[in-house]
Amino acid sequence: MKLLCYSLSLFFAVSATAQSKVDSATLMKDVRTLSEDKYEGRKTGTRGSRMAQFYILERFKNIGLTPYNGTYEYPFYFQFGGQRVMGTNLYGYIPGKSNKVIVISAHYDHLGIEKSNNVRDTVYNGADDNASGIGGLLAMAAYFKQHPPEHTLIFAAFDAEEAGLQGAKAFLQLPPVTVSDIRLNINMDMISHNNRNELYVCGTYHYPALKTYTDAVAATSPVKLIAGHDRPGSGADDWTNQSDQGVFHGKRIPFLYFGVEDHPDYHRLTDEYSRINHSFYYRSVQTILKVAEALDAANI
């Protein structure tokens with residue numbers, strides 16, 4: 001009986017340690033804040049987008065990310081809908097023991113405000129798409145700041161994903177490090193809303209060496225981590241180029257993309273904080289962090 005009690009105590013101690021890697025209160029606060037009406041749907045080039053930038057910048061500073069060239073802000077321009085639009089990427093890094101780089105990314109932009117002549121303007125708040133990815137990025141940055149990594153980790157909040165992956169394109173056109181030093185992109189886009197406890201990891205079809213690590217985490221993951229949605233020829237079911245990881249893949253940089261399948265609130269006004277699955281979201285971020293830890297410890 002004493003041995004059993006000791007084993008149970010050890011199990012719960014280890015479980016508590018694993019769970020403490022992610023601060024659930026801060027995680028939820030980040031998503032709730034970024035999906036509030038006052039951020040006006042975070043559409044690129046708008047007042048709401050700038051407010052979101054201020055929030056993320058403050059979080060970067062509080063976490064202690066190191067800026068490149070004294071700034072976290074990197075404006076860029078692109079054509080969209082016949083207009084020249086300015087977007088702003090936000091990124092900083094945690095130095096590793098190696099110059100080899102892993103870019104951990106999520107986009108912070110969404111669809112903005114729907115104008116109407118008859119009713120009050122309505123806001124596409126984008127809680128799952130993609131305040132959830134930014135929340136995960138910030139949680140992972142906070143963890144690795146306290147647990148120095150082997151690789152140098154860049155934490156990139158990309159703008160203008162909804163306008164055609166423009167932020168990721170701008171990042172790789174003028175990267176802060178040599179492109180050949182970027183060994184992996186871990187991208188998060190919609191990781192908080194699934195009723196079946198299913199989180200997909202896309203990219204192992206193209207980069208099968210990564211499957212060893214995702215399978216190992218999946219074996220004990222608190223969510224069902226499923227490899228898929230990356231086979232060529234599968235049409236809309238192939239997510240390879242459907243978020244910012246596609247730009248890295250185009251440069252032959254291996255990637256893992258974490259996300260859920262489309263749900264009824266996708267790109268709808270109902271994508272609100274109240275609609276995300278809070279416990280699933282917390283477990284998803286834990287799972288992605290475990291994959292990131294495993295790959296950071298590996299010689300990739």
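Residues: numbered from 1 along the sequence shown.
- Shown here are the side-chain hydrogen bond (donor to acceptor under 3.5 Å, both in side chains) partners of Lys29, two or more places apart in sequence or in another chain: there are none.
- Here the closest non-hydrogen pair linking Ser132 and Ile191 is OG-N, 3.2 Å.
- Applying the salt bridge (Lys or Arg N to Asp or Glu O under 4.0 Å) test to pairs two or more places apart or on separate chains, none has a residue in residues 80-93.
- When the side-chain hydrogen bond (donor to acceptor under 3.5 Å, both in side chains) test is applied to Gln53, the partners found at least two apart in sequence or on another chain are Ser49, Arg50, Tyr108.
- Contact check for Val31 versus Ile276: side-chain heavy atoms found under the 4.5 Å cut-off.
- The list of salt bridge (Lys or Arg N to Asp or Glu O under 4.0 Å) pairs with a residue in residues 184-207, not counting sequence neighbours, reads Arg196-Glu198, Arg196-Glu261.
- Sorted by first and then second residue, the side chain to side chain donor-acceptor pair (under 3.5 Å) pairs with a member in residues 209-218 read Lys211-Asp215; sequence neighbours excluded.
- Counting side-chain heavy-atom gaps under 4.5 Å among Ile, Leu, Val, Met, Phe, Trp and Tyr, the cluster of Met86 also holds Tyr77.
- Listed by first and then second residue, the salt bridge (Lys or Arg N to Asp or Glu O under 4.0 Å) pairs involving residues 51-72 are Asp30-Arg59 (not counting sequence neighbours).
- The aromatic rings of Phe255 and His206 are tilted relative to each other, their planes meeting at an angle between 30° and 60°.
- Summarising the hydrophobic clusters (Ile, Leu, Val, Met, Phe, Trp, Tyr; side-chain heavy atoms under 4.5 Å, direct or chained), the residues clustered with Val101 are Tyr68, Tyr74, Tyr91, Tyr93, Val103, Ile154, Phe158, Leu165, Phe171, Leu172, Val177, Val179, Ile182, Val247, Phe248, Ile253.
- Aromatic ring pairs are classed by plane angle as parallel below 30°, tilted from 30° to 60° and perpendicular above 60°; the pair His147 and Tyr143 is parallel.
- With hydrogens and angles disregarded, a donor-acceptor distance shorter than 3.5 Å links the side chain of Asn89 to the backbone of Gly167.
- Residues satisfying the side chain to side chain contact (heavy atoms under 4.5 Å, CB included) test with Pro208, not counting sequence neighbours, are none.
- Considering Glu114, His110, Glu272, His267 as possible partners of Tyr124, the one that fulfils the side-chain hydrogen bond (donor to acceptor under 3.5 Å, both in side chains) test is Glu114.
- Residue pairs that meet the salt bridge (Lys or Arg N to Asp or Glu O under 4.0 Å) test with at least one member in residues 148-167, sequence neighbours left out, are Lys97-Glu150.
- Between the side chain of Thr178 and the main chain of Ser180, no donor-acceptor pair closer than 3.5 Å is present.
- Partners of Thr270 according to the side-chain hydrogen bond (donor to acceptor under 3.5 Å, both in side chains) rule, which considers only residues two or more places apart in sequence or in another chain, are Asp265.
- Partners of Tyr207 by side-chain hydrogen bond (donor to acceptor under 3.5 Å, both in side chains), not counting sequence neighbours, listed by chain and number: His249.
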